[in-house]
Protein chains: 2
Amino acid sequence: MKFRDNEAIYLQIAAYVGQNILLGKWPAEQKIPSVRDLAIELEVNLNTVMRSYEFLESLGAIYNKRGIGFFVSPDGHEKVKAFRKEKFIQQDLHDFFNNVYLLDISPEEILKWYQQFKKANYEPKPGKKNENK
Amino acid sequence: MKFRDNEAIYLQIAAYVGQNILLGKWPAEQKIPSVRDLAIELEVNLNTVMRSYEFLESLGAIYNKRGIGFFVSPDGHEKVKAFRKEKFIQQDLHDFFNNVYLLDISPEEILKWYQQFKKANYEPKPGKKNENK
DNA sequence: TGTAGTGTCATATTATACTATGACACTAGT
DNA sequence: ACTAGTGTCATAGTATAATATGACACTACA
């Protein structure tokens with residue numbers, strides 16, 4: 001997996017897991033990949049994934065069954081959403097608006113780009129099957 | 001100065017300097033604070049500010065006069081704007097839209113918040129003078 | 001010609017993230 | 001009972017950011 005260099009890898013992995021929960025790919029009570037499997041899949045160290053899971057567990061988004069693995073909490077979806085919204089409002093929004101203002105970008109242009117974004121990333125593509133992986 | 005913990009301090013300082021250039025507070029050919037002065041003002045180490053200035057110099061936004069100090073490049077405004085726009089388009093925009101989609105926030109709400117942001121941060125406040133510091 | 005202000009360089013130390021590796025205990029299923 | 005899969009713990013090593021200091025060369029100016 002490709003990682004940005006401006007954020008800790010374990011937080012990007014937590015965001016990746018959170019996104020799968022938010023999108024419903026990993027529903028409540030479902031087992032998520034083991035720390036070893038996800039480490040191999042994302043090509044990072046086992047300890048790094050463990051740090052991500054510890055973080056998500058501290059949010060109450062996932063929980064652990066001894067000897068078995070990690071599972072999405074019954075209210076995992078809400079927990080992830082609450083955390084992301086908090087961060088979004090408190091941090092991302094201000095920086096984003098500041099850039100829009102300083103770079104002199106019109107709100108209309110932003111709206112247009114957003115429509116393109118949705119189409120490109122979340123529109124059902126009729127010709128494809130098995131988008132999961 | 002308060003720094004976020006999710007981005008290197010020297011980059012946040014570079015962004016701070018860049019913002020002053022974009023806002024016209026520090027026009028072309030004007031001398032910017034010495035590494036020592038800015039280090040004291042922002043309560044960081046001298047070396048950290050030097051790293052910020054090296055970075056901005058590599059962008060062509062500022063340049064150095066030996067023994068005197070750093071100055072805003074003739075096209076410093078454009079250089080800063082080009083860099084920020086590139087980063088904005090390539091990195092920030094996708095994450096922002098992704099959050100808007102996942103958190104189910106309406107574009108109309110974003111627009112409303114943006115108007116509030118502009119009023120709160122960039123509207124001239126009649127009662128105040130000497131906003132610089 | 002001092003001297004204060006400037007950037008520059010070198011070294012050492014601390015903290016954190018990430019990696020690498022080995023060992024251990026718990027659980028499920030054979 | 002054995003075994004495979006799970007999380008957990010401990011230790012060590014590497015890289016980077018940030019700090020703390022001291023020393024040096026250049027420039028402007030009194």
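Reminder, nothing fancy here: chain letters follow the sequence lines and each chain counts from 1. This one's a predicted model, so the numbers in the text were calculated from it and none came from an experiment.
- Side-chain N/O atoms of A:Arg36 and base N/O atoms of D:dG5 include no donor-acceptor pair closer than 3.5 Å.
- In this structure, A:Asp37 places its CG atom 16 Å from P of D:dA4, rounding to the nearest Å.
- The side-chain tip of A:Lys65 does not point at the ring of A:Phe70 from less than 6.0 angstrom away and within 45° of straight on.
- Per the geometry, OH belonging to B:Tyr10 stands 16 Å off C1' belonging to D:dT19, to the nearest Å.
- Here A:Pro74 pairs with A:Glu29, A:Tyr63 under the side chain to side chain contact (heavy atoms under 4.5 Å, CB included) rule; sequence neighbours left out.
- Taking only side-chain atoms of B:Val35, from C-beta outward, the nucleotide of D:dT8, D:dT19, C:dG7 with the closest atom is C:dG7.
- Residues from residues 60-71 of chain B with heavy atoms under 4.0 angstrom of DNA chain D, sorted by number: B:Arg66, B:Gly67, B:Ile68.
- Across all their heavy atoms, B:Lys79 and B:Leu59 have their closest contact at CD-O, 3.4 Å.
- Atom CZ in A:Phe55 sits about 17 Å away from atom C1' in C:dC18, given to the nearest Å.
- Residues passing the side chain to side chain contact (heavy atoms under 4.5 Å, CB included) test with A:Arg66, sequence neighbours excluded: A:Asn64.
- One atom, CG of A:Leu38, and another, C1' of D:dG7, lie 14 Å apart when rounded to the nearest Å.
- Remark: B:Asn99 pairs with A:Arg84, A:Phe88, A:Asp92, B:Leu103 by the side chain to side chain contact (heavy atoms under 4.5 Å, CB included) rule, at least two apart or across chains.
- Spacing between atom CD1 of B:Ile32 and atom C1' of C:dG5 amounts to 15 Å, rounded to whole angstrom units.
- Aromatic pair B:Phe83/B:Phe55: ring centres closer than 6.0 Å.
- Between D:dT6 and A:Ser34, a contact under 4.0 Å exists linking OP1 or OP2 to a side-chain N or O.
- Remark: P of D:dT16 and CD of B:Glu7 are 18 Å apart, rounded to the nearest angstrom.
- Between the C1' atom of D:dT16 and the CG atom of B:Leu11 lies a distance of 12 Å, rounded to the nearest Å.
- Considering only residues two or more places apart in sequence or on other chains, B:Phe97 meets the side chain to side chain contact (heavy atoms under 4.5 Å, CB included) condition with A:Ile110, A:Trp113, A:Tyr114, A:Phe117, B:Leu93.
- Residues A:Lys31 and A:Ile68 approach most closely at CE-O, 3.4 Å, considering heavy atoms.
- The CG atom of B:Asp5 sits 14 Å away from the C1' atom of D:dA18 (whole-angstrom rounding).
- Contacts between residues 44-54 of chain B and DNA chain D, defined by a heavy-atom separation under 4.0 Å, are made by B:Val44, B:Asn45, B:Asn47, B:Thr48, B:Arg51.
- The pair A:Lys81-A:Asp75 does not meet the salt-bridge criterion, since no charged nitrogen lies less than 4.0 angstrom from a carboxylate oxygen.
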